[in-house]
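This report refers to the structure that appears directly beneath it.
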Amino acid sequence: MVLPKYDLHCHSTASDGVLSPVELVARAAEQGVEVLAITDHDSIGAIAQAQAPAQAANIRLLPGVELTACWGSRVVHLVGLGFDPAAPSLQRYLDELTVLRLDRAQRIAKKLMGRRLPDLLPAVLELAGDGQVGRPHFAMALVAAGVCETEQQAFKNYLGTGKVGDVKMDWPAMSEALALLHGIGGLGILAHPTKYRLTFSRLRSLLTDFVNAGGDGVEVSYAGIKPEHQRELQKIARKMDLMVSAGSDFHQPGRPWVELGRFLPLDTECRHVLTSLL
Ligand code: AMP
Ligand code: FE
Ligand code: FE
Ligand code: ZN
């Protein structure tokens, strides 16, 4: 099967992306993307808005989401693809995540105030608009308030792993997220496996648990992954009989190394998720 040009992981203003769903589709069209999944953090708010422009641009829009989940004490991201976006169980599940995210935002704001910073919550909620609120909105607010020079620095000093704004949350378990996706006819893909700061040996045990919980595939190509890690992941995917997926994880323009439609798996021996989605 010759695969079309695709992107199966990107973000809009329905979560922490900068482009609206309509702008994101326009950019995908400019980049020649033919199959697109918008995978906002714990939100499918982009799908309804993207449908008409995608159709007009001859882009096949696949239902997508990036679910926040727990693997033990770790947070992992699961990309869900090809599910029924109208399923009531999905809406209930996402509503719970919205509550968790609002609760976390309040807690992060309090923690930062404990560091003698101003109350950033109003600005953060304004930045998030009607999308899911996330740490990147805090990063933007910290820059806007002149506390940090860049969003990267905001993560390094306040929001990243182990920092004051990294508050522990009881996200749903990875197995729950996978069960939800399967219950609504979707596939569950482990997002950007090398971004969890795990050794490859721990990563193998994550992937083993993921497979045992019914996981369907793993991303092997995305912005920032090293070629040797991509090869290793493809080898693991073949061994564990996992499908492979890829996407830019695009959040905003102005970063030429993270462009829509540029990340395609190379290993033709791996089964691609698109073969079961198209
Ligand atoms: P959240 O889901 O609210 O915890 O935010 C996770 C998002 O924050 C990721 O999807 C990235 O967009 C962003 N992010 C996480 N870590 C960093 C970092 N070190 N620097 C910049 N952005 C980051
Ligand atoms: Fe993000
Ligand atoms: Fe992610
Ligand atoms: Zn993402």
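Not measured: the values here are computed from a predicted model. In what follows, residues are counted from 1 in the order of the sequence shown. Order of appearance sets the numbers: ligands from 1, and atoms from 1 within every ligand.
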Flag yes if more than 12 heavy atoms outside Arg238 fall under 6.0 Å of its CZ atom; otherwise flag no.
-> yes
Give the residue and atom name of whichever protein heavy atom lies nearest to atom 8 (O) of ligand 1, and the separation in Å to one decimal.
-> Pro136 CG, 3.2 Å
Arg271 side chain to Ser276 side chain, donor-acceptor N/O pair below 3.5 angstrom | no
Is there a side-chain contact between His11 and Phe250, using heavy atoms and a 4.5 Å cut-off?
-> no
Close-contact set for ligand 1 against Gly134 heavy atoms, below 4.0 Å = 3 (O)
Should we count CG of Asp130 as having more than 12 external heavy atoms under 6.0 Å?
-> no
Counting both backbone and side chain atoms, is some N or O of His41 under 3.5 Å from an N or O of ligand 1?
-> yes
Determine whether any heavy atom of Gln152 lies closer than 4.0 Å to an atom of ligand 1.
-> yes
Distance below 2.8 Å from the Zn ion (ligand 4): protein N/O/S atoms | His9 NE2, His11 NE2, Glu66 OE1, Asp249 OD1
How close does the nearest protein non-hydrogen atom get to atom 2 (O) of ligand 1, and which residue and atom is it?
-> Arg101 NH2, 2.9 Å
Are the aromatic rings of Phe200 and His229 close, with centres under 6.0 Å apart?
-> yes
Which atoms from ligand 1 have a heavy atom of Arg104 less than 4.0 Å away?
-> 1 (P), 3 (O), 4 (O)
Between Phe155, Phe138, Trp171, flag the one that comes closest to atom 18 (C) of ligand 1 by a heavy atom.
-> Phe155
Checking Ser205 side chain against Arg202 main chain: does a donor-acceptor pair fall under 3.5 Å?
-> yes
Between Lys111 (side chain) and Tyr158 (backbone), is there a donor-acceptor pair under 3.5 Å?
-> no
Is the shortest side-chain N to carboxylate O distance from Glu232 to Arg204 below 4.0 Å?
-> yes
If hydrogens are left out, which of His137, His251, Gln153 has an atom nearest to atom 12 (O) of ligand 1, that is, the closest non-hydrogen atom?
-> His251
Any chance NZ of Lys195 has more than 12 other-residue heavy atoms, nucleotides or ligands included, within less than 6.0 Å?
-> yes
Test Asp16 against every option in His137, Gln252, His41, Arg135 by the side-chain hydrogen bond (donor to acceptor under 3.5 Å, both in side chains) rule and name the one that passes.
-> His41
Does some side-chain heavy atom of Leu198 sit less than 4.5 Å from a side-chain heavy atom of Trp71?
-> yes
Donor-acceptor contact present, side-chain Thr39 to main-chain Cys10, <3.5 Å | yes
What residue and atom, counting heavy atoms only, is the protein's closest point to atom 6 (C) of ligand 1, and at what distance?
-> Arg135 NH2, 3.7 Å
Closest non-hydrogen atom pair, Phe155 against Ala139 | CE1-CB, 3.8 Å
Region of His11 engaging ligand 1 - heavy atom pairs below 4.0 Å | neither
With heavy atoms of Asp16 as the reference, note each atom of ligand 1 found under 4.0 Å away.
-> 7 (C), 10 (O), 12 (O)
Within less than 2.8 Å of the Fe ion (ligand 2), how many protein N/O/S atoms are there?
-> 3
Side-chain donor/acceptor of Asp7 to backbone N/O of Ser248, under 3.5 Å | yes
Quick one: sort the His192 and His9 rings into parallel, tilted or perpendicular, breaks at 30° and 60°.
-> tilted
